[in-house]
Amino acid sequence: MRIATWNVNSITARLPRLLAWLEGSGTDVLCIQETKCTAGQFPADELRELGYESAVHADGRWNGVALVSRVGLSGVVTGLPGGPEYEGVQEPRAISADCGPVRLWSVYVPNGREVAHDHYAYKLRWLQALKTAVAQDAAAERPFAVLGDFNIAPADEDVWDIAAFEGSTHVTAAERSALEALRSAGLSDVVPRPLKYDHPFTYWDYRQLSFPKNRGMRIDLVYGNGPFAEAVKDSYVDREERKGKGASDHAPVVVDLDV
DNA sequence: ATGACTGCACTTTGCAGA
């Protein structure tokens with residue numbers, strides 16, 4: 001079974017690429033982030049024509065997550081249980097479901113903006129709630145994984161130049177501790193292989209030729225429990241999808257499972 | 001070739017993204 005996670009940066013703008021990529025890659029389940037649409041605008045009909053069911057949690061121009069599956073989609077839970085509010089709103093940043101033999105979460109962790117910003121404290125609270133929410137499934141026998149845009153580079157090597165990130169979000173000790181807490185709950189980082197160069201970056205800024213210069217970050221992560229990690233046969237970043245006109249600034253992370 | 005941001009709404013400017 002082939003699963004993947006991809007921050008599409010607007011599912012409306014990305015729809016032609018999304019449909020072509022699903023067909024071409026043979027993906028069975030895709031975790032989507034940053035749909036940037038209302039629930040009604042989500043292209044469920046177009047996906048159904050390709051054989052995919054959809055589960056969506058989205059409310060407008062920002063955020064928005066989804067799961068699309070051609071191997072079953074049931075037990076859908078929208079939102080992060082116990083998740084914090086930002087400016088009085090519980091934002092649509094998490095959705096989970098049973099997809100065939102595995103249970104998956106698609107998450108879009110808050111960006112944080114700046115370390116001194118309220119959004120950063122919100123990010124840390126959100127990650128704490130995520131750890132609590134996934135603990136039971138993480139410890140279970142069933143293959144289980146949290147996939148998505150974590151907006152954290154787990155190690156210095158996961159950014160193109162750590163010196164360029166001094167004082168920035170995405171690389172702080174507190175954010176990395178939140179990932180460590182997820183690992184202590186029984187999840188492990190399923191690191192993909194790069195298709196080019198020596199490091200599996202998943203995001204490259206649109207500006208300043210970041211992609212051609214390979215100034216990237218590994219922030220789209222797959223955190224799986226033991227049974228999930230044991231089932232992984234291969235994983236890679238499909239950087240080809242970052243090329244050309246109309247690309248998202250994130251590339252899909254693909255995981256092949258023997259389940 | 002991989003090429004100097006993009007998407008969207010508060011829409012011709014601002015905000016967010018990371």
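For clarity, every value in this text was computed on a predicted model and none was experimentally measured. Below, chain A is the first sequence line, B the second, and so on; all start at residue 1.
Note: I152(A) CD1 to L179(A) CG = 4.0 Å, rounded to the nearest 0.5 Å.
To the nearest whole angstrom, the two C1' atoms, one in dC15(B) and one in dA4(B), are 22 Å apart. Across the P atoms, dA18(B) and dT13(B) are found 26 Å apart, a figure rounded to whole Å. Here the separation of dT11(B) from dT6(B), taken at their P atoms, is 22 Å to the nearest Å. To the nearest whole angstrom, the two C1' atoms, one in dC10(B) and one in dA16(B), are 13 Å apart.
Taking 4.0 angstrom as the limit, R113(A) places a side-chain polar atom (N or O) nearer than this to OP1 or OP2 of dG17(B). For R14(A), no side-chain nitrogen or oxygen approaches OP1 or OP2 of dT6(B) to under 4.0 Å. Distances shorter than 4.0 Å separate none of the side-chain N or O atoms of S168(A) from OP1 or OP2 on dA18(B). Between N9(A) and dT6(B) there is no side-chain N or O to OP1 or OP2 distance below 4.0 Å. Note on H250(A): a side-chain N or O is less than 4.0 Å away from OP1 or OP2 of dA18(B).
Taking 3.5 Å as the limit, the base of dA18(B) and the side chain of D205(A) contain no donor-acceptor pair of atoms between them. Taking only distance into account, the side chain of K213(A) never meets the base of dT2(B) through a donor-acceptor pair shorter than 3.5 Å.
In terms of position along DNA chain B, the nucleotide closest to N214(A) lies nearer the 5' end than the nucleotide closest to the other residue of the pair G246(A) and N214(A). Heavy-atom nearest nucleotides on DNA chain B were determined for P212(A) and for K36(A), and the one closer to the 5' end corresponds to P212(A).
Classified by interplanar angle (parallel below 30°, tilted 30° to 60°, perpendicular above 60°), the ring pair W105(A)/F144(A) is perpendicular.
For K243(A), counting side-chain heavy atoms from C-beta on, the closest listed nucleotide (dT2(B), dC10(B), dA18(B)) is dT2(B).
The shortest non-hydrogen separation linking V76(A) to A97(A) is CG2-CB, 3.9 Å.
The hydrophobic clustering, which links ILVMFWY residues whose side-chain heavy atoms are closer than 4.5 Å, places V254(A) and V191(A) apart.
Within a 6.0 Å sphere centred on CD of E114(A), heavy atoms belonging to other residues, nucleotides or ligands number 12 at most.
Residue D149(A) is classed as a sugar-phosphate contact, given heavy-atom separations below 4.0 Å to backbone atoms only.
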